[in-house]
Structure formats: C-alpha cells, structure tokens
Undergrad: 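Pasting in a structure now, in structure tokens, and then I'll have a few things to ask.
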Number of protein chains: 2
Amino acid sequence: MNDLDATDLEILKLLQQNASLTNKEISYKLHKSIATVHERIRRLKDQGYIKRVVAILDSKKINRNLIAFSHVLLNDHTANTLNGFEAEVAKFPEVMECFQMTGTFDFILRIATSDMEAYHHFYRNKLATLPNITTVQSFFVLSETKSDTAYPL
Amino acid sequence: MNDLDATDLEILKLLQQNASLTNKEISYKLHKSIATVHERIRRLKDQGYIKRVVAILDSKKINRNLIAFSHVLLNDHTANTLNGFEAEVAKFPEVMECFQMTGTFDFILRIATSDMEAYHHFYRNKLATLPNITTVQSFFVLSETKSDTAYPL
DNA sequence: AAAAAATCCGTAAATTTTATGGTTAATTGT
DNA sequence: ACAATTAACCATAAAATTTACGGATTTTTT
C-alpha cells in the first residue's frame with residue numbers, strides 16, 4: 001500500500017492544493033527534472049492514488065448557498081433496504097455525498113440547494129418519497145470555516 | 001450573480017467532473033471553437049466561479065481510511081470563543097472541513113485519520129485540548145456511497 | 001438603423017506535455 | 001564483494017495544448 005517516497009508525497013500535497021501547477025513549477029519546487037515529475041505523476045494516476053482532477057466552484061457564485069447535512073434513519077437494515085436507499089439517493093443531484101455511518105442513525109447526506117425553499121421542495125418531493133425512511137434530521141450550514149478536499153499527508 | 005449562459009454552465013459541469021479535459025475536447029463536446037472555450041474558462045476563473053482545480057486522492061490508497069463527522073458544542077457563543085475555536089481547529093490537518101451550523105450543536109467537523117488509534121490520538125491530544133468545548137460527538141463512516149465535489153447545475 | 005458591445009473563430013507563437021534514449025544510483029543474487 | 005538487474009533520474013526533441021491576437025459575425029443598446 002505504501003510504496004510512496006517523499007517525492008511522491010510532496011507531489012500529492014501540491015496537487016491536492018492546486019492541480020493546475022505545471023510539471024515545470026513542481027520540478028522547481030522539488031529540485032527534480034521535469035521528466036522525473038512527469039513520470040511520477042503518471043504513475044500516481046495509473047496506480048490510482050490520484051482518482052481524478054476536478055474544478056471546485058464557488059457555491060455562493062453559482063447560487064448553491066444552502067448546504068444541509070441530513071441524518072437518515074431507515075426502517076430496517078436488510079440488504080435490500082440499504083441497497084435500495086443508496087441507489088436511489090445517489091441519483092439526486094442535490095445529494096453531493098452519502099455515507100453509511102456507525103451509531104444511532106444510518107446515513108449522512110450532504111445536500112446542496114439554492115435556498116430553503118429549494119431544500120424544502122427536495123425534501124418533500126424527492127427525499128421523503130423514498131421507501132423505508134423512518135426519520136430525516138437536517139442541520140444547515142451557517143458558515144464555512146474550513147473547506148478542504150486535501151487529505152493530510 | 002447569474003450572468004452565466006448555457007455554454008458556461010456546460011463547461012462548469014464538465015470541469016467539475018474532470019478538469020483534465022483539454023479545451024479541444026470541451027470544444028468538441030460543446031460545438032464551439034477552442035478559442036471560445038478557452039476564453040470562457042479564463043473568464044470563469046477570473047470572475048471566481050472556479051475557485052481552484054485540485055487532485056482528488058483515493059483515501060484508502062493513502063491510508064486515510066477513517067473519516068469521522070464530529071458535532072461540537074461550545075460553552076458559550078461569544079465572538080471570542082467562536083473565532084478562537086475556528087482559528088485553532090482550522091490549523092489541524094486532520095480537520096478537512098469545519099462548518100458552523102444551525103441547531104442543537106455549533107460545529108460539524110470532517111476529520112480524516114489513518115485508523116481509530118490515530119483518531120483517538122487526535123481527539124485526546126489535539127481537539128479536546130482546545131478551550132471552551134462542552135461536548136464532541138463523533139460518527140464514523142462505514143462506507144462511502146456517493147462522494148461528489150460537483151454542485152448540481 | 002447606426003453604433004457599441006459581446007461572442008465567436010482561425011491562426012500563430014509560447015508553453016507544456018509526452019516520448020525516447022542514455023546515465024547514474026540502488027538493489028538483488030551469487 | 002561484485003557482477004547483473006532494476007529503478008530513478010535527466011536532457012533533448014517531438015507532439016499537443018495553452019495562450020495571445022486580430023478580425024468577422026451576431027447581439028444589444030441608443
């Protein structure tokens with residue numbers, strides 16, 4: 001699992017923060033040649049360390065101001081119920097993330113909508129129509145103190 | 001706020017999923033010229049719609065297997081206490097996200113560590129040493145059903 | 001309807017990515 | 001210890017992409 005050396009880790013740290021860096025810029029920071037950096041990054045992608053490269057948007061500028069975390073409890077925990085819920089909820093574009101959890105509820109959803117009205121519509125007309133839901137408890141983001149996609153390395 | 005036309009939205013949708021697409025590839029999908037696509041993307045970055053471009057890593061491959069969501073309640077809600085907590089918690093690399101929330105607790109943290117032992121160490125030696133914390137309740141991710149950084153557009 | 005602004009595109013220059021071959025350093029087997 | 005093999009690194013050149021520029025077309029404004 002860990003055949004990453006210090007150079008690989010530095011590259012991953014940099015690309016987690018800014019994947020628009022050129023190989024030239026990285027090579028300068030790491031005191032390696034462009035060719036070496038290029039080969040390292042190719043390997044990190046091939047071996048699956050880098051899953052993908054994405055653009056992160058400003059949620060306020062695109063009018064997705066309301067972020068909710070919802071805790072979902074299901075009626076039962078048969079494979080059918082769990083799989084059915086996961087499959088259906090993943091189809092909703094408002095649901096950015098879905099995690100099955102330990103503890104007193106079953107799933108955490110991260111839901112992005114434009115405002116409370118849109119959230120309400122999503123909740124009543126989409127989420128609450130799914131079968132086997134016992135309760136949904138939602139918490140809303142007031143402000144974003146830290147928002148990082150980078151894992152500590 | 002919304003001076004985005006259909007072409008801009010299509011570009012943002014594509015780049016949210018895969019920012020490694022070349023202008024050429026995008027121009028083909030959108031039936032526009034390379035120059036047009038390039039100019040659009042430059043504007044979307046300049047105007048702040050695209051905050052940044054990042055590499056998303058495979059958390060399992062880099063041994064950050066344990067993701068926790070922690071609900072934090074503080075002793076009081078004076079500006080000093082809130083600002084102090086936010087400033088300190090943001091310094092921990094284990095804390096990938098921190099949101100101030102509505103409802104019965106104050107903050108949600110997303111915490112990434114290698115395993116339960118590392119989480120425990122973070123909790124006892126870092127998080128719990130911060131002043132003004134009343135309670136921390138943590139929930140752990142069993143499995144990741146959907147994990148998307150893309151906002152619906 | 002004319003003027004102004006915005007959108008779009010082709011082309012060329014600058015830069016970056018990618019491929020190649022060879023050198024040096026590290027690892028392995030005996 | 002030492003030859004053989006492998007891995008890491010790098011310079012260079014070719015291919016591809018990004019970026020800058022000028023002009024044409026369309027849309028909007030007055």
Side-chain angles (χ1 to χ4, degrees), chain A residues 1-64 114 149-153, chain B residues 1-64 114 149-153:
Chain A
M1 194 67 93
N2 247 19
D3 31 15
L4 298 180
D5 65 12
T7 302
D8 291 320
L9 289 177
E10 282 307 311
I11 289 173
L12 290 178
K13 278 191 214 174
L14 290 171
L15 293 181
Q16 279 196 116
Q17 300 297 340
N18 180 10
S20 298
L21 287 170
T22 64
N23 294 341
K24 193 180 182 183
E25 290 168 320
I26 295 170
S27 73
Y28 181 77
K29 286 177 195 281
L30 268 50
H31 308 291
K32 302 271 165 163
S33 75
I34 294 173
T36 296
V37 169
H38 178 259
E39 169 63 12
R40 294 293 191 119
I41 293 176
R42 191 195 58 70
R43 262 184 40 211
L44 290 168
K45 285 181 178 168
D46 283 354
Q47 297 179 352
Y49 289 97
I50 296 173
K51 279 201 297 189
R52 56 214 176 98
V53 174
V54 302
I56 304 293
L57 307 191
D58 185 329
S59 60
K60 289 191 180 57
K61 296 219 65 152
I62 57 167
N63 200 30
R64 290 296 173 278
S114 56
T149 52
Y151 292 98
L153 290 177
Chain B
M1 194 67 92
N2 247 20
D3 31 16
L4 298 179
D5 65 13
T7 303
D8 291 320
L9 289 176
E10 282 307 311
I11 290 173
L12 290 178
K13 277 191 214 174
L14 289 171
L15 293 181
Q16 279 196 115
Q17 300 297 340
N18 179 9
S20 298
L21 288 170
T22 64
N23 293 342
K24 193 179 182 182
E25 290 168 320
I26 295 170
S27 73
Y28 182 76
K29 286 176 195 282
L30 268 51
H31 308 292
K32 302 271 166 165
S33 74
I34 295 173
T36 296
V37 169
H38 178 259
E39 169 63 12
R40 294 294 189 119
I41 293 175
R42 191 196 57 72
R43 262 184 42 212
L44 290 167
K45 285 181 176 167
D46 283 355
Q47 297 180 350
Y49 290 95
I50 296 173
K51 279 201 296 189
R52 56 214 176 95
V53 174
V54 302
I56 304 292
L57 307 190
D58 185 328
S59 60
K60 289 192 180 57
K61 296 217 66 149
I62 57 168
N63 200 32
R64 290 296 173 275
S114 57
T149 53
Y151 292 99
L153 289 178

Undergrad: Closest approach of B:Leu57 and A:Tyr151, non-hydrogen atoms and distance?
TA: O-CE1, 3.8 Å
Undergrad: Give me the bend of the helix from C:dA1-D:dT30 to C:dT30-D:dA1, using the axes of the five pairs at each end, rounded to 10°.
TA: 50°
Undergrad: When rounded to the nearest 0.5 angstrom, what is the spacing between CG in B:Leu12 and CD1 in A:Ile62?
TA: 7.0 Å
Undergrad: When rounded to the nearest 0.5 angstrom, what distance separates CG in B:Asp3 from CD in B:Gln47?
TA: 6.0 Å
Undergrad: What distance separates B:Leu15 CG from B:Leu44 CG, expressed to the nearest 0.5 Å?
TA: 8.0 Å
Undergrad: Kindly state each residue pair satisfying salt bridge (charged side-chain N to carboxylate O under 4.0 Å, His left out) with at least one member in residues 49-59 of chain B, sequence neighbours excluded.
TA: none
Undergrad: Please enumerate all residues that pass salt bridge (charged side-chain N to carboxylate O under 4.0 Å, His left out) together with B:Arg40, with sequence neighbours excluded.
TA: B:Asp5, B:Asp8
Undergrad: Quick check for you: name the first and last nucleotides of DNA chain C, 5' to 3', having an atom under 4.0 Å from a heavy atom of chain B.
TA: C:dT7 to C:dG10
Undergrad: Can you tell me how far OG1 of B:Thr22 sits from OH of B:Tyr28, rounded to the nearest 0.5 angstrom?
TA: 12.5 Å
Undergrad: To the nearest 0.5 angstrom, please state how far the CD1 atom of B:Ile11 sits from the CG atom of B:Leu153.
TA: 12.0 Å
Undergrad: Using a heavy-atom distance cut-off of less than 4.0 Å, which residues of residues 26-44 of chain A contact DNA chain D?
TA: A:Lys32, A:Ser33, A:Ala35, A:Thr36, A:Arg40, A:Arg43
Undergrad: For A:Lys13, check salt bridge (charged side-chain N to carboxylate O under 4.0 Å, His left out) against everything at least two apart and list the hits.
TA: A:Glu10
Undergrad: Please list residues of residues 14-25 of chain B whose heavy atoms come under 4.0 Å from any atom in DNA chain D, ordered by number; otherwise none.
TA: B:Thr22, B:Asn23, B:Lys24
Undergrad: Among all residues two or more places apart in sequence or in another chain, which pass the side-chain hydrogen bond (donor to acceptor under 3.5 Å, both in side chains) test with B:Glu39?
TA: B:Arg42
Undergrad: Testing the basics here: between B:Thr149 and A:Ile56, what is the closest heavy-atom pair and its distance to 0.1 Å?
TA: CB-CD1, 4.0 Å
Undergrad: Which atoms form the tightest heavy-atom contact between A:Ala55 and B:Ile50, and what is the distance?
TA: CB-CG2, 4.1 Å
Undergrad: Using side-chain hydrogen bond (donor to acceptor under 3.5 Å, both in side chains) as the criterion, list what pairs up with B:Ser33, not counting sequence neighbours.
TA: B:Thr36
Undergrad: According to side-chain hydrogen bond (donor to acceptor under 3.5 Å, both in side chains), who are the partners of B:Gln16, at least two apart in sequence or on a separate chain?
TA: none
Undergrad: Give me the first and last nucleotide of DNA chain D, going 5' to 3', that has any atom under 4.0 Å from a heavy atom of chain A.
TA: D:dA8 to D:dA11
Undergrad: In chain order, what residues pass the side chain to side chain contact (heavy atoms under 4.5 Å, CB included) check against B:Leu21, with sequence neighbours excluded?
TA: B:Leu14, B:Asn18, B:Glu25, B:Ile26, B:Lys29
